[in-house]
Amino acid sequence: MILDSARAAASQLFLPEFRSVFWKTLGLTLLALAALWMGLKELFDWLALPWIDALLPGFPGWAGWIGFIAAIVAGIGLALGLALLIAPATAIVAGLFLDDIAETVERTDYPADPPGTPVPLIRSIVLALKFFAIVILGNLIALILLLVPGVNIIAFFVVNGYLLGREFFEFAAMRFRPEAEAKALRSKHAFTIFLAGLVIAGVLAIPLVNLLTPLFAAAMMVHLHKAISAAERRGRAP
């Protein structure tokens with residue numbers, strides 16, 4: 001069930017609708033990061049120059065050189081920081097388009113089933129922010145445990161697997177159920193959903209490919225929710 005859902009989601013990443021959402025997401029993310037870059041750079045220049053002048057009164061030449069070097073170092077630091085933020089920032093933007101992905105999956109793979117109801121915009125934004133927090137938290141935990149061989153990898157997968165599985169399954173389920181019922185279904189099948197979350201965490205761990213994580217996760221959990229719902233209707237656990 002999990003592998004079938006993952007395979008189906010991976011194959012759909014190449015559909016035109018998925019590509020369209022991905023490029024829109026990536027474009028908006030890069031624009032946001034570029035605006036953040038310019039804002040932070042201006043802020044650094046505004047804060048740094050008075051300090052340099054105060055530290056080196058009477059040495060305007062040295063102040064200029066130190067300011068130039070400080071600007072280069074700050075630029076490199078900002079570039080590295082923004083590069084690390086691409087994946088989680090993409091997740092925030094992608095959260096606004098997850099219903100488009102779910103609708104595509106439901107329409108192409110389950111045409112005979114009633115379509116789901118889009119998740120309210122506020123809930124979509126909350127999901128996107130949660131995913132952003134999950135990415136940051138998971139990587140911070142792995143970073144803290146970096147000195148313990150092997151443990152950091154385990155922590156990364158366990159934390160991300162649990163949180164990603166929970167959030168994205170509830171997203172898929174809430175298109176067809178009230179929130180309380182979606183949470184109850186997730187709790188009932190917690191282990192299956194956790195294993196599916198580990199697959200999503202595996203995608204998240206791959207550089208560049210991790211930009212597709214929100215789209216892959218949404219599609220996979222739509223398939224998994226359909227499979228679990230079908231098993232529930234048959235009166236047996238998957």
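All residue numbers in this chain count up from 1 along the given sequence. All values below come from the heavy atoms of this structure, side chains included, with hydrogens, waters and symmetry mates left out.
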| query | Would Phe169 and Lys183 count as a side-chain contact (heavy atoms from CB on, under 4.5 Å) if you check the C-alpha gap in whole Å, the side-chain angles of each, and the deciding distance to 0.1 Å? | reply | CA-CA 9 Å; Phe169 182 82; Lys183 289 180 180 294; over 6 Å; no
| request: Give the cluster check for Leu98 versus Leu163: same hydrophobic cluster or not, with ILVMFWY residues linked at side-chain heavy-atom distances below 4.5 Å. | output: yes
| request: In sequence, state the C-alpha distance, the side-chain angles, and the governing distance for Arg186 and His225, and then conclude on side-chain hydrogen bond (donor to acceptor under 3.5 Å, both in side chains). | output: CA-CA 9 Å; Arg186 189 262 304 165; His225 174 256; over 6 Å; no
| field | Test log, rule salt bridge (Lys or Arg N to Asp or Glu O under 4.0 Å), inputs Glu170 and Arg177 | value | CA-CA 9 Å; Glu170 288 182 6; Arg177 308 166 186 268; over 6 Å; no
| query | Going by heavy atoms in the side chains, are Phe176 and Lys226 under 4.5 Å from each other? | reply | yes
| remark: residues 195-204 vs salt bridge (Lys or Arg N to Asp or Glu O under 4.0 Å), sequence neighbours excluded, gives none
| task | Find out if a path of hydrophobic residues (ILVMFWY) with successive side-chain heavy-atom gaps under 4.5 Å connects Phe97 to Trp23. | result | yes
| query | Between Ala219 and Val105, which heavy-atom pair has the shortest distance, and what is it? | reply | CB-CG2, 3.8 Å
| field | Heavy-atom side-chain contact between Leu215 and Gln12 under 4.5 Å | value | no
| message | Is there a side-chain contact between Arg19 and Pro16 in this structure, where contact means two heavy atoms from C-beta onward sitting under 4.5 Å apart? | response | yes
| task | Find the distance between CZ (Phe18) and CG (Asp100) and round it off to the nearest 0.5 Å. | result | 10.0 Å
| query | Does Leu185 belong to the same Ile/Leu/Val/Met/Phe/Trp/Tyr cluster as Phe191, with side-chain heavy atoms less than 4.5 Å apart forming each link? | reply | yes
| remark: Rounding to 0.5 Å, atoms CG (Leu224) and CG (Asp4) come to a distance of 10.5 Å
| field | Met221 to Gly197 - nearest heavy-atom pair and separation | value | CE-N, 4.3 Å
| said: Show the nearest heavy-atom pair for residues Ile2 and Thr192, with the distance to one decimal. | reply: CD1-O, 3.4 Å
| field | Flag side-chain contact, heavy atom, 4.5 Å: Phe168 against Ile193 | value | no
| said: Between Tyr110 and His223 (judged by ring centroids, cut-off 6.0 Å), do the two rings come close enough to count as a pair? | reply: yes
| task | Check side-chain contact (heavy atoms from CB on, under 4.5 Å) between Ala102 and all other residues, then give those that pass, not counting sequence neighbours. | result | Glu106, Phe171, Arg175, Val222
| Which pair of non-hydrogen atoms, one from Leu164 and one from Ile200, has the smallest distance, and what is that distance? | CD1-CG2, 3.8 Å
| field | salt bridge (Lys or Arg N to Asp or Glu O under 4.0 Å) pairs, two or more places apart, involving residues 201-211 | value | none
| Nearest heavy atoms of Ala173 and Ala182, plus distance in Å | CB-CB, 3.6 Å
| Considering only heavy atoms from C-beta outward, does the side chain of Ile228 approach that of Lys188 to under 4.5 Å? | no
